[in-house]
Amino acid sequence: MISRHPDRFRVVGLAANRSVEELAALVAEHTPDIAVLANAEVPVARSDLPPADWEFGHDAVVALAEHPDVDVVVNAVVGAAGLASTIAALRSGKRLALANKESLVAGGPLVTAAAEEGGGELVPIDSEHSAILQCLQGCDSAAVARIVLTASGGPFRTLSLHELATVTPGQALEHPTWNMGAKITIDSATLANKALEVIEAYFLYGLPYDKIHAVVHPQSIVHSFVEFVDGSVLAQMGFPTMELPILFALTYPERLADTELRTFDPVKASPLTFDEIDVERFRLFALGVEAGRAGGTMPAVFNAANETAVTLFMEGRIGFLEMGEVVETAMSRHSISAIQEVADVLEADREARDVVRKVTAAEHPTSPT
Ligand SMILES: NC(=O)c1ccc[n+]([C@@H]2O[C@H](COP(=O)([O-])OP(=O)(O)OC[C@H]3O[C@@H](n4cnc5c(N)ncnc54)[C@H](OP(=O)(O)O)[C@@H]3O)[C@@H](O)[C@H]2O)c1
């Protein structure tokens with residue numbers, strides 16, 4: 001998409017964690033000045049790398065996020081590992097186009113403080129939050145009665161609790177409407193993703209949790225709704241593609257013409273259906289919203305416990321429903337405190353990961369964690 005608009009965008013830097021070959025291919029395509037591999041342990045044949053100023057290590061990722069030549073930082077790191085870059089970008093006054101919702105969930109108060117301190121601007125990439133931003137254009141935010149996030153419901157939307165107990169990582173990775181990375185695909189299957197998005201909306205739009213709702217919408221055509229105090233409802237719609245919310249986050253509030261994006265056809269999009277989220281079958285949704293409402297360090301605990309549970313599920317060490325159980329245990333063992341600095345988030349994060357691994361090791365003694 002970026003390469004379709006050479007007059008508009010120039011890529012200053014690109015970063016990945018350990019996928020050096022994929023990063024090198026993107027560097028060859030987009031010719032950025034800087035390329036960063038966060039994991040400095042990965043063996044790299046320097047002579048094979050395309051020209052760029054190659055940097056290694058987590059600090060280099062953060063330095064890229066605050067680089068003076070950069071206007072817009074797209075943070076699409078997966079997990080709480082993206083927090084330092086989120087804070088750095090906002091503190092140095094950049095526009096932060098944020099896909100990495102986990103950083104806002106884990107460190108919300110620090111992220112909003114960094115934006116206030118440095119004058120940075122937070123623009124969401126998540127399609128639901130982009131939809132809300134688009135519906136709010138030209139509207140007085142005091143006139144918002146509530147927002148309704150839509151959830152595809154994932155591949156297991158219609159399964160019973162009994163059936164959910166035996167689903168495999170392979171089945172969970174088959175998302176019906178979106179093509180995404182592994183962690184968010186599992187989060188979509190458990191609906192933990194929707195809980196993360198409720199917390200994300202709380203920090204982005206400053207609405208109380210009572211005004212943030214979510215419904216299942218299997219077709220993923222309506223990306224979210226905003227209901228106003230006069231009862232009027234606006235929705236943003238489109239066929240599911242991340243290109244549109246990414247482009248909007250880069251150009252907001254302007255709209256850039258892009259003829260490659262699929263045009264909308266209401267007949268092909270029909271029918272549109274909506275359902276309540278079943279919190280008994282999708283326990284992680286309820287736990288995540290509970291963590292958001294509890295506030296302080298609890299969202300960081302939910303996020304870290306969930307990240308660890310997803311890893312353990314993908315490694316075949318715990319079952320699908322056990323993800324909810326271990327996250328619940330981590331939350332029940334946590335004493336909430338206020339978040340004042342990054343160390344508070346890191347400590348809550350470390351504690352939650354530790355609880356999940358220990359509980360799993362105790363429940364499955366033959367399975368190494
Ligand atoms: N995919 C979507 O459609 C979508 C939609 C909305 C929101 N999001 C959000 O976007 C984020 C990324 O999701 P994804 O689906 O794109 O995941 P993904 O395909 O797994 O990509 C994650 C990327 O983050 C990189 N990374 C991981 N740790 C890093 C670190 N410490 N420093 C620098 N880079 C690091 C990974 O590099 P390596 O490949 O080298 O490990 C990879 O390039 C998540 O927060 C997700 O919730 C995604």
Side-chain angles (χ1 to χ4, degrees), residues 1 13-27 34-44 54-65 73-89 96-107 111 123-133 149-152 154 172-173 175-201 204 220 223-224 238-249 288 303-304 306-307 310-311 314 346 349:
M1 185 187 67
L14 287 171
N17 186 31
R18 47 180 308 122
S19 307
V20 65
E21 284 173 22
E22 286 89 338
L23 180 60
L26 287 171
V27 169
I34 305 160
V36 182
L37 202 63
N39 188 324
E41 310 288 302
V42 175
V44 174
W54 281 83
E55 310 269 348
F56 298 85
H58 291 283
D59 292 350
V61 180
V62 178
L64 179 58
V73 174
V74 176
N75 183 350
V77 170
V78 60
L83 179 61
S85 301
T86 284
I87 291 176
L96 174 65
L98 186 67
N100 175 234
K101 65 194 90 183
E102 296 94 336
S103 59
L104 192 52
V105 169
V111 174
V123 184
I125 278 184
D126 242 335
S127 57
E128 296 79 359
H129 304 77
S130 174
I132 291 161
L133 181 65
L149 306 172
T150 54
S152 72
L173 287 170
H175 196 280
T177 50
W178 294 96
N179 179 12
M180 308 179 289
K183 193 261 177 180
I184 185 176
T185 305
I186 304 294
D187 284 348
S188 298
T190 61
L191 267 74
N193 183 51
K194 211 46 53 182
L196 294 172
E197 289 180 4
V198 167
I199 303 172
E200 181 183 7
L204 280 173
S220 303
H223 299 304
S224 281
F239 291 116
T241 168
M242 284 311 295
E243 286 197 328
L244 205 151
I246 293 169
L247 186 62
F248 189 67
N303 179 65
N306 179 59
E307 279 185 33
V310 170
T311 303
M314 290 205 293
L346 297 181
D349 181 287

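In listed order, ligands and their atoms are each counted from 1.
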Within ligand 1, which atoms have a heavy atom of Asn100 less than 4.0 Å away? 45 (O)

Minimum-distance protein heavy atom relative to atom 38 (P) of ligand 1: Ser19 OG, 3.2 Å

From His129 atom NE2 to Glu200 atom CD, the distance as rounded to the nearest 0.5 Å: 3.5 Å

What distance do Asp126 atom CG and His223 atom NE2 have between them, rounded to the nearest 0.5 Å? 11.5 Å

How far is atom 43 (O) of ligand 1 from its nearest protein heavy atom, and which residue and atom name does that atom have? Ala16 CB, 4.5 Å

Provide, to 0.1 Å, the distance between atom 32 (N) of ligand 1 and the closest protein heavy atom, together with that atom's residue and name. Ala38 CB, 3.3 Å

Heavy atoms only, cut-off 4.0 Å: how does Met242 contact ligand 1, side chain, backbone, both, or neither? side chain

Go through ligand 1 atom by atom and flag the ones less than 4.0 Å from a non-hydrogen atom of Met180. 1 (N), 2 (C), 3 (O), 15 (O)

Ligand-residue contact atoms, ligand 1 with His58, heavy atoms, under 4.0 Å: 31 (N)

With backbone taken as N, CA, C and O and side chain as the heavy atoms from C-beta onward, which portion of Lys183 lies under 4.0 Å from ligand 1: side chain, backbone, both, or neither? neither

Residues in side chain to side chain contact (heavy atoms under 4.5 Å, CB included) with Val123, at least two apart? Arg95, Glu121, Leu133, Ala249, Tyr252

Reported CG-to-NZ distance for the pair Asn306 and Lys183, which is rounded to 0.5 angstrom: 5.0 Å

Atom CG of residue position Asp59 - does it have more than 12 heavy atoms of other residues, nucleotides or ligands inside 6.0 Å? no

Flag Asn17 as yes when one of its N or O atoms lies below 3.5 Å from any N or O atom of ligand 1, and as no otherwise. yes

the protein heavy atom lying closest to atom 9 (C) of ligand 1 turns out to be Ala99 O, 3.1 Å

for atom 11 (C) of ligand 1, nearest protein heavy atom and its distance come out as Val77 O, 3.5 Å

Using side-chain heavy atoms (C-beta onward) and a distance below 4.5 Å, is Ser188 in contact with Trp178? no

Please report the shortest heavy-atom distance between Gly82 and Asn100, naming the atom on each side. CA-OD1, 3.3 Å

Could an N or O of ligand 1 be found under 3.5 Å from any N or O of Asn179, whether backbone or side chain? no

When rounded to the nearest 0.5 Å, the distance separating NZ of Lys101 from CD1 of Ile199 is 11.5 Å

Would you say Glu307's side chain and Ala80's backbone share a donor-acceptor pair under 3.5 angstrom? yes

Atom 47 (O) of ligand 1 sits nearest the protein heavy atom Lys101 CE, 3.1 Å

For Ile184, take its heavy atoms, then give the atoms of ligand 1 lying under 4.0 Å from any of them. 4 (C), 5 (C), 6 (C), 7 (C), 8 (N), 15 (O), 46 (C), 47 (O), 48 (C)

Going by heavy-atom distance to atom 21 (O) of ligand 1, choose the closest among Ala76, Ala84, Ala65. Ala76

So is Asp126 polar-close to ligand 1, meaning N/O to N/O under 3.5 Å? no

Please state which protein non-hydrogen atom is closest to atom 45 (O) of ligand 1 and give its distance, to 0.1 Å? Glu102 OE1, 2.6 Å

For the CG atom of Asn17 and the CD atom of Glu22, what is their distance to the nearest 0.5 Å? 11.5 Å

Looking at every heavy atom in both Pro124 and Ser130, which two are closest together, and how far apart are they? CG-N, 4.0 Å

In this structure, atom 19 (O) of ligand 1 is nearest to the protein heavy atom Gly181 CA, 3.5 Å

With heavy atoms under 4.0 Å as the rule, classify the contact between Glu22 and ligand 1 as side chain, backbone, both or neither. neither

Spatial distance of atom CG (Leu191) from atom CG (Leu196) [nearest 0.5 Å]: 10.5 Å

